[in-house]
Participant: 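To start, I am sharing the structure in question, which I have written as structure tokens.
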Amino acid sequence: MEQKKYWQSFTELNQDAESFKKLAQDEFREELPFEMDEKGILDAKAPRRDFLKFLGFSTAAATLAASCEVPVKKAVPFLNKPEDIVPGVANWYATTYVNDGEVIPVLAKVRDGRPIKIEGNDTSFTKGGTSAKVQASVLGLYDIARLRFPLEDGKEAPSYDAIDKKITEALAGIGSKQIVILTSTLNSPSLSTVIEGFVAKYPSAKHVMYDAISYSGMLDANLTSFGKRAIPSYHFDKAKVIVSIGADFLGTWLSPVEFARQYAAGRRVSDKQMEMSKHIHFESHLSMTGANADDRYMHRPSQAGAVILNLYKELGGAVSAPAIEDKKLAEGIKQAAQALIANKGAALVVCGSNDVFSQLVVNEINMLIGANGTTINWATTVNYRLGSDSAMNVLLGEMEAGNIGALLIYGANPVYNHPMGDKFAAALSKIGLTVSFNERVDETAARCKYVLPAPHFLESWGDAEAKPGYISFIQPTIAPLFKTRAFGTALLKWSGASVDGVDYETYFKNFWITKLGSQEAFDAILRNGVIEPAEELIGGGTYSANGVPAAVAKLLETKKGGKAELVIYESVAIGDGKMANNPWLQELPDPITRATWDNYAMISKKMADELGIVVDDNYEVEVKKPVIKVKAGNKEITIPILVIPGMHPDVIAIAAGYGRGGEIKDAATAEKAIQTIGRTAAGTGVNVYPLVSFNGSGNQYFVSDVSFEKTTEKQTIAYVQSHNVYEDRTEVIKEISLAEYKATPQKLQEAAKELREKFGEDFRNEATLYDPKLNERPGIHWGMSIDLNTCTGCAACVVACTAENNVPVVGRKQVARFHEMHWLRIDRYYAANRDDQFNDINVVFQPMLCQHCDNAPCENVCPVAATNHSSEGLNQMTYNRCIGTRYCANNCPYKVRRFNWLDWNGADSFPDNQRPMVEDGYMDAVVLDMNDDLIRMVLNPDVTVRSRGVIEKCSFCVQRLQEGKLNAKKESRPVKDGEVKTACMQACPTNAIVFGNVNDKESLVYKIRNEEQKNRSYYTLESIHTLPNVSYLAKVRNTDRHVGVKEEGEHQETKAETKEAIPSAH
Amino acid sequence: MSLLKYESTLREPLVDGEKTYHQVTEDICRPVEEKANMGWKVGFGISVALLLFGVYSVYREVTYGIGQWNLNKTIGWGWDITNFVWWVGIGHAGTLISAILLLFRQGWRTGVNRAAEAMTIFAVMCAGQFPIFHMGRVWDAFFVLPYANTRGPLWVNFASPLLWDVFAISTYFTVSLLFWYSGLIPDLATVRDRAKTKLRKMWYGVASFGWSGSTKHWQRHESLSLVLAGLSTPLVLSVHTIVSFDFATSVVPGWHTTIFPPYFVAGAIFSGFAMVQTLMLVTRKVMKLEDYITLGHIEAMNKVIVLTGSIVGIAYLTELFMAWYGGVMYEFDAFYKYRIAGPYGWSYWTMMTCNVISPQLFWSKKLRRNVAFTFIMSIVVNIGMWFERFVIIVTSVYRDYLPSSWSVYYRPTIWEVGFYLGTFGLFFTCYFLFSKFAPVIAIAEIKHVLKTSGESYKEKMEHVEKESVDEFAHEYAHAH
């Protein structure tokens, strides 16, 4: 054995073992650079130098080894790279956002297998528009409170097969009792057939649809008027006069994304096109749509019928309408009627009421003004809301009577959002088999025997039919994160249709391939996301006025409201409450109140006076607001107030969708709510659904007689804007009436002209200490133009920005400390008539983001040059360099810089060091939840997450600009206009935001500034010479009233009054 | 009488009582050589406790983030920078007394200059904490230094007033420290020479740099003092000027004001003298140094206070005038709507009362020479000056250009207050140590003026006063 020699290389074979061994021992074979001999280092030839060398090396090595403890982060590369995934390059999948009946075709941006951003699908009827909820929906995928496995009796079930077996047995043994599938609006063609198949198998089964915010009254009215239980398409773009009676069609009513785009088409004025639609709004509380109106009138909710009748009468209806005492309102109705008649055939009346009789008269009104077939399209109806309140009540009755044997619930959450949710909850226990298909254990699911986790839409196959013929596909963008199963699959399995384990995915594919004729056709739709008719069918419906006399009689019977009335409305961010566990939405400031994280009672100034709440400077600056008790019948809620101008004096308005998970009484209830609903939604606000009443035909979202009283308590409301009027600062907001704009188009340019006269045309170069050469910016110069006229305040851009740029969530407590981080915000100002500050108001929305000033005040004050200017006009932020002096933020006139007050992102060198903050009650645990590994999957890998102690702000989505430039470079061409879009621009449903290269004379933004909108363009705070790269287009209102700040002369006279300061009101 | 030291008896003596050189040394060295009394121990204990609380407050802020403070997106600076400017302001009197008054040959400075200089140094040390620890990432604070680095061409931003602050404050601190210490050397040598224990001998021996008291040493010492005085004089003006640039060069209405440099300097001297008064009144009482820090000293400083207070008052009024006359609505609003009135109106009126109205009482000689009243006034002035900085900083930014961003009410958190209290702790810890281990009055300089301005020596001069000119000339022409 000894003789055998094992060798690895020829060197080893040929050399003697000893020297090789020695050689092999030294990993680094190079001789050390020290002159050494046997005598040791100190006696060597130059011991001092060598000593220093040793010392230096060992110190450096020790320092490296000891001090730089870098946490190990694993990046595992693909072993076999999938063909369609290139690391760092996004894949886009067309899919569809479906929430109850709401359908928005979207594209999902998938980076390395993770969907991280949602964009609108340009080829669909929404024309690429999105809403805040759509933008935020991607976060819902990674919601850590999602149900991860099926539950049986609240415990994890062993497997789907076991459950299926039990349920099929239970269904088979149901006997004479009914089986009910209860859903919110479902408009999926394939799922409908699946349900049909289920019903065929179990003949006692029936499908009930119910919506939290119901349009049942409208559907029923249309059934009487037009013979179809359907809602027609509306064409706000074709209407020259739009009258809305309580319909918040830009914010929450039916299909706001679609309507906002149409509405904006009629509101876009330019120097060439000086016409715009007129929007007259009647409502009880200030809604986002009301805020956009040209003329706005307030009425009590119980008065809605009277307003409709009076309008009907003014339009020539032969009715005796109840007298309207409020002169202004009466006059408004008259003017609305006149405008409608004058624009017959191009006029539209929409009504947000869920009262069948009101809608019947509105239908009649729309016939009188020739809306049928012009602005109201019966040839294409919509499937957004199909629920029926009465069917739901019948179901509840049957449940209580014990006639229901099995209840399968999908999408609906009646225990939470039905007015008689408590009764529903009680009746649930009488049913033998209750199954909930749900993303989480919501209020209803918690009381069901089985809870089967449903996939998020980004993990699902499916389809939606927004309108007949408008098909939109849903395709998964990621493998299911949890043990979820499609609702369809369950039904198929239980129907016995799927002999060989056919699931909904296969069913869906077969369904469409059969329908479309080929796999290719199917693939094409999958790729495009939608299939729509080439041209929209437009036509009127066959109208019958049969229901009108009875409706009029009913409306005349309406009882007068009490001293105060309550309105329950849907908020733009939270909606009906289904998406309440979405931190992006909870932290999204309400367009009107600018408050986050909770609901509150919006009250009028008059009510505040009655309650003894002084609305002054101190009210404005203190986030703790008085809490009131509102009593409606035998129900009572306590809720903090916000005084809002533009509220009817006798109306209280509270948003629905809050108070998820029930009242938080103690740690146990809190923990339960957190476990089921999720930490974000648990404990936010108060649930007001129990105050909704059923009037025999539909749910009524108001209470006509409530009493209220002040308590001694105060509660913090986390709002982001404390002052609400722009204090005559016309450099901030410019607004004008259409008539005035037409008469003197250049009026808006006076201030800019004066500046140029005073400081010279070349003021750009003259008014600076710096080398004028710095102002020469050849090549690309990025710029943005924002149209205040078409910005509706919907805040889709805000959430889009949050998603794109990894803007952190800070939680209620920190928002209340004015620590919110939004890079883009929508400032809301009331421009009040001085004589009637709280009632006669105009509202202006101004998206405010970093203005990327070419002469930026922030840049020269930074001691370490962490913020600087790019040659392309971008104001850049170097997070690594920032030491957090906040000097830039102080010196920013636009206050758009945001400081990382705490470690929102878990990016700190001290790991998890914010936990004590949460334990101290200083910070909300939601912030830590946002750092969960699961939810962090939503982060955009192209954008750094910022560490504690640095400033951040809008970058004009520089990562997108880089991508666009690189794409252009690869193809050796300049960047095309419209090729790169900022996230806000892309999300905007009304195209109010235009971004591009202002050095390109063909670009839209150049044309807007220099050609089309020369007169409306202005820069905010131009006189301080910051030279912003964001310009605004002044707000124009189509009204006879005076708009904006009064003339200089008047101004002086009214000065005394101004000092009183208007709505300090929050 | 070889050399006549003569000062008119009309001038108030600078040293009261019957003093000899030895007596002066005894009086001033006594506190250094005696054991610390109870008062000192209690005071020192409280100071250290405050300091520790401050350290904890800063620890929390550094560990958890600036979110420990109630600053917000609108109010980026609050108590932190208010305290910074306040302490810097306080740090002005010392150098002014030692440098400018030295150059102007104001003999009365000798009684107070040592303590005032020490106060300057400690105040600047306190001030320096704030701009450092108000940084979001204090561990990167060295970025503000223009050091050779491996970050490519990355350099500091020389256009930023904050950077100027770095240079201004560090220069000021260095020069003040040198000035103070060089003045201390002869006195430390005195203490060394009187030391009885070995340790003290060694300690003061090292500290006094081998001072032998030779004429050459004295001559060099005097020259150094003069050179440092010359260097410090522009610094007195420049430091607060540069601090005021933090605000004056910005675009914030209420900050962007060209009047700031002189107004800040006057304010700094105003508050600095007030602080010197506070300290001196306590020190003279506790250390029984009434003979060296006399009513005359107090009155002289009160005169400076009324002068600088009036300058500050005029500056306030000028600001208001310019806000109206300038016709810029943002500035008009800032001054007339959101400072005078508004939620922080009370702070403006506190400032006005403390800084403008109350110091006017010092026109009365009786009050100027009233120790108790002076003490109260010195506190009032420092409260007022704190509010001046608060008003400038917070009430300017809390409501600036865009009404949408106007802030909710800003109240400091306990940690913000803790940081401030901590600097008091630091200041008084240093001051207590100083007063225990170094002569609080410049012994050598007192001796220098003793025989011209000492009370007993002046009395001896009375017969000279009575002599006719001829007699006087005759006597002293022949005196040898």
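Model, not experiment: these values are computed from the prediction. Chain letters run A, B, ... following the sequence lines, proteins first, then strands; residues in each count from 1.
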Participant: Which of the residues B:A341, B:P403, B:P253 is involved in the greatest number of heavy-atom pairs with chain A at under 4.5 angstrom?
Facilitator: B:P403

Participant: Below 4.5 Å from any heavy atom of chain B, which atoms of A:R817 appear? Answer side chain, backbone, both or neither.
Facilitator: both

Participant: Applying ring-ring contact (aromatic ring centres under 6.0 Å, His included), can you list everything that pairs with B:F142, at least two apart in sequence or on another chain?
Facilitator: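 So B:F142 forms a ring-ring contact (aromatic ring centres under 6.0 Å, His included) with B:Y147.
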
Participant: Check whether B:W139 gets within reach of chain A through its side chain, its backbone, both or neither, counting any heavy atom under 4.5 Å.
Facilitator: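 Side chain only.
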
Participant: Examine whether an atom of A:F899 lies under 4.5 Å from a heavy atom of chain B, and if so say whether it belongs to the side chain, the backbone or both; otherwise answer neither.
Facilitator: side chain

Participant: Please classify the contact between B:D165 and chain A as side chain, backbone, both or neither, with a heavy-atom cut-off of under 4.5 Å.
Facilitator: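 No part of it gets close to chain A.
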
Participant: Need one label for B:Y410: side chain, backbone, both or neither, based on atoms under 4.5 Å from any heavy atom in chain A.
Facilitator: neither

Participant: Let me know if B:F245 has heavy atoms under 4.5 Å from chain A in its side chain, its backbone, both or neither.
Facilitator: backbone

Participant: I'd like to know if B:R399 and A:E727 make a salt bridge, using a cut-off of under 4.0 Å between side-chain N and carboxylate O.
Facilitator: no

Participant: For the interface with chain B, which of A:N900, A:D827, A:V732, A:N913 has the highest count of heavy-atom pairs at distances below 4.5 Å?
Facilitator: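 Ranked by contacts with chain B, first place is A:N913.
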
Participant: For A:C888, which atoms come within 4.5 Å of any heavy atom of chain B: side chain, backbone, both, or neither?
Facilitator: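 It is neither, since no heavy atom gets under 4.5 Å.
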
Participant: Looking at residues at least two apart in the chain, or sitting in another chain, which of them share a ring-ring contact (aromatic ring centres under 6.0 Å, His included) with A:Y829?
Facilitator: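 A:Y726.
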
Participant: For A:P857, is it the side chain, the backbone, both, or neither that has a heavy atom closer than 4.5 Å to a heavy atom of chain B?
Facilitator: side chain

